[in-house]
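Structure first, then comments.
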Protein chains: 2
Amino acid sequence: MARTGRPREFDREQTLERALELFWSRGYGATSIQDLVDALAVERGSLYGAFGDKRRFYLEAVRLYWEVYERHLIAALDTSPLLPALREILTHPVRLDELVSDVGVPQGCLVGNTTAELVPQDGEATEIVTRSYRRFTGIVADALRRAQAAKEVTDGARPEAQAQMLLYLVQGLSLVSRAGLDRTAALAAVDAAVDGLRA
Amino acid sequence: MARTGRPREFDREQTLERALELFWSRGYGATSIQDLVDALAVERGSLYGAFGDKRRFYLEAVRLYWEVYERHLIAALDTSPLLPALREILTHPVRLDELVSDVGVPQGCLVGNTTAELVPQDGEATEIVTRSYRRFTGIVADALRRAQAAKEVTDGARPEAQAQMLLYLVQGLSLVSRAGLDRTAALAAVDAAVDGLRA
DNA sequence: CGACTTCTTGAACGGCCAGTCAAGAAGTCG
DNA sequence: CGACTTCTTGACTGGCCGTTCAAGAAGTCG
């Protein structure tokens, strides 16, 4: 059965991506529907029709953000030796800053920002965020397990603990970077952590 | 010259502390003046008279938060061996969670929360936050320098880099903890990082 | 006491916000 | 074409928000 009725005039996926950028750079509370209407060139009613209310819109953007990041993460860590790739992943916020340092800068990690702003008051946000963190540590721990077996990474700690440590590190880096990034210091800090993992 | 006029009926310092807790647990945006009026039992006009507008009120609370934390940090790290004390500092968010896990839970680090919510849109907030981070790394780097000299900590990285790494770690832990804390995993992660510093 | 200052109280204000809705437009289907 | 469905547009609504302010209360000072 084909879809009847007037067809949507904007690209839903593309609009979601642009909304994601706006939410990313300004945060949930500081982004008004009016801001979205202006930036996306889609009228209020259409946004409500396509995405539900503001909260659902935002949560869908966060889910998309994580999906993209997770794909990137899995692809990047499927390699040996692991540590250079890990360093690459961990310094991602630094490179983000280099790329977009002029206007409408998306800053930090959207999952982290959501943690700060919506959790724990919002149950659904908490679920998304918790799940994202669990996936990150799962993927990283798997990679570390392989690297421990290959004697590249120290087995002085369990891979899960090391992965959790790296989650904290990258979230901390993302967050602190919002306030201004000293690239040299950031890279040195990541190196210090990665060196601590070396067998 | 003594102060004339009707005396203030509430304790400014104590009120600021209670406001700090409210801001800490709910965030800046989600805490309305009405919330403060209700929780502090001080009328709107009096709050405005004593603290200026909401933003100034909040920023003063953040400053107070950091002052207290910094005193605590300096005192805790003035010891040898350093690593156990460092572990204590880094796991502070975990113990915070244990203490107040029932109601009105302050969550994460107020400086970190401010970074996520107000930075970089607010210049004054950015200053406070940046300064706090710089002080943290300064104090921790000094301690690490001593511990490197005492052969307790590896000199495989500069103390500044190690301190920056620890800032990221503790900020990440604070943030991620908001979404629910697995104490075992958190402690293991901190241990993994601290072990990486060992000489 | 009376002048002066500061604090208290709570009503009032304008603005912005998320969300709704009615009227019309643009398609599909028979 | 005419019935039907979905999308578009933008005016509108009700509510909460931060902030102000006028009137009165509670002190000090001479």
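Please read these numbers as outputs of a predicted model, since none were measured by experiment. First the proteins, then the strands, lettered A, B, ... as listed; each starts at 1.
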Which nucleotides of DNA chain C pair, in dot-bracket form (Watson-Crick or G-U under 3.5 Å, | meaning another strand): ||||||||||||||||||||||||||||||
Residues within residues 28-35 of chain A bordering DNA chain C, heavy-atom distance below 4.0 Å: A:Thr31, A:Ser32, A:Ile33
Between P of D:dT19 and CD of B:Glu43, the distance in whole Å: 17 Å
Within residues 44-59 of chain B: residues closer than 4.0 Å to DNA chain C (heavy atoms): B:Arg44, B:Gly45, B:Ser46
Aromatic plane relationship, A:Tyr65 with A:Tyr69 - under 30° parallel, 30 to 60° tilted, over 60° perpendicular: parallel
A:Leu40 CG - D:dT9 P separation (whole Å): 13 Å
Qualifying residues under side-chain hydrogen bond (donor to acceptor under 3.5 Å, both in side chains), relative to B:Arg8, sequence neighbours excluded: none
B:Glu70 backbone acceptor or donor facing B:Arg135 side chain under 3.5 Å: no
Cation-pi check, A:Lys54 onto A:Phe23 ring (under 6.0 Å, within 45° of axis): no
Step-by-step side chain to side chain donor-acceptor pair (under 3.5 Å) determination, A:Thr130 to A:Arg134: CA-CA 6 Å; A:Thr130 305; A:Arg134 217 173 14 234; over 6 Å; no
Positive for side-chain hydrogen bond (donor to acceptor under 3.5 Å, both in side chains) with A:Tyr58, one of A:Asp122, A:Thr31, A:Thr114: A:Thr114
Salt bridge present between B:Arg56 and B:Asp53 (N-O < 4.0 angstrom): no
Gap between atom CG of B:Leu16 and atom CZ of B:Arg63 - 0.5 Å precision: 10.5 Å
Protein-nucleotide distance (B:Arg12, atom CZ; C:dT6, atom C1'), rounded to Å: 15 Å
Donor-acceptor pair, side chain of A:Gln162 and main chain of B:Ala192, under 3.5 angstrom: no
Let me check something: any side-chain donor-acceptor pairs from residues 168-176 of chain A under 3.5 Å, sequence neighbours excluded? List them with distances.
from, atom 1, to, atom 2, distance (Å)
A:Tyr168, OH, A:Gln164, NE2, 3.0
A:Ser174, OG, A:Val170, O, 3.0

Heavy-atom donor-acceptor pair, B:Arg178 side chain to B:Gln107 backbone, under 3.5 Å: yes
Verdict with supporting geometry, B:Glu117 and B:Asn113, side chain to side chain donor-acceptor pair (under 3.5 Å): CA-CA 6 Å; B:Glu117 193 170 358; B:Asn113 298 352; over 6 Å; no
Contacts under 3.5 Å, N or O only, protein and nucleotides 24-27 of chain D:
from, atom 1, to, atom 2, distance (Å)
D:dG24, N2, B:Arg6, NH1, 3.3
D:dA25, N3, B:Arg6, NH1, 3.1
D:dA26, O4', B:Arg6, NE, 3.3

For B:Glu152 against B:Leu83, the heavy-atom pair lying closest together: OE2-N, 2.9 Å
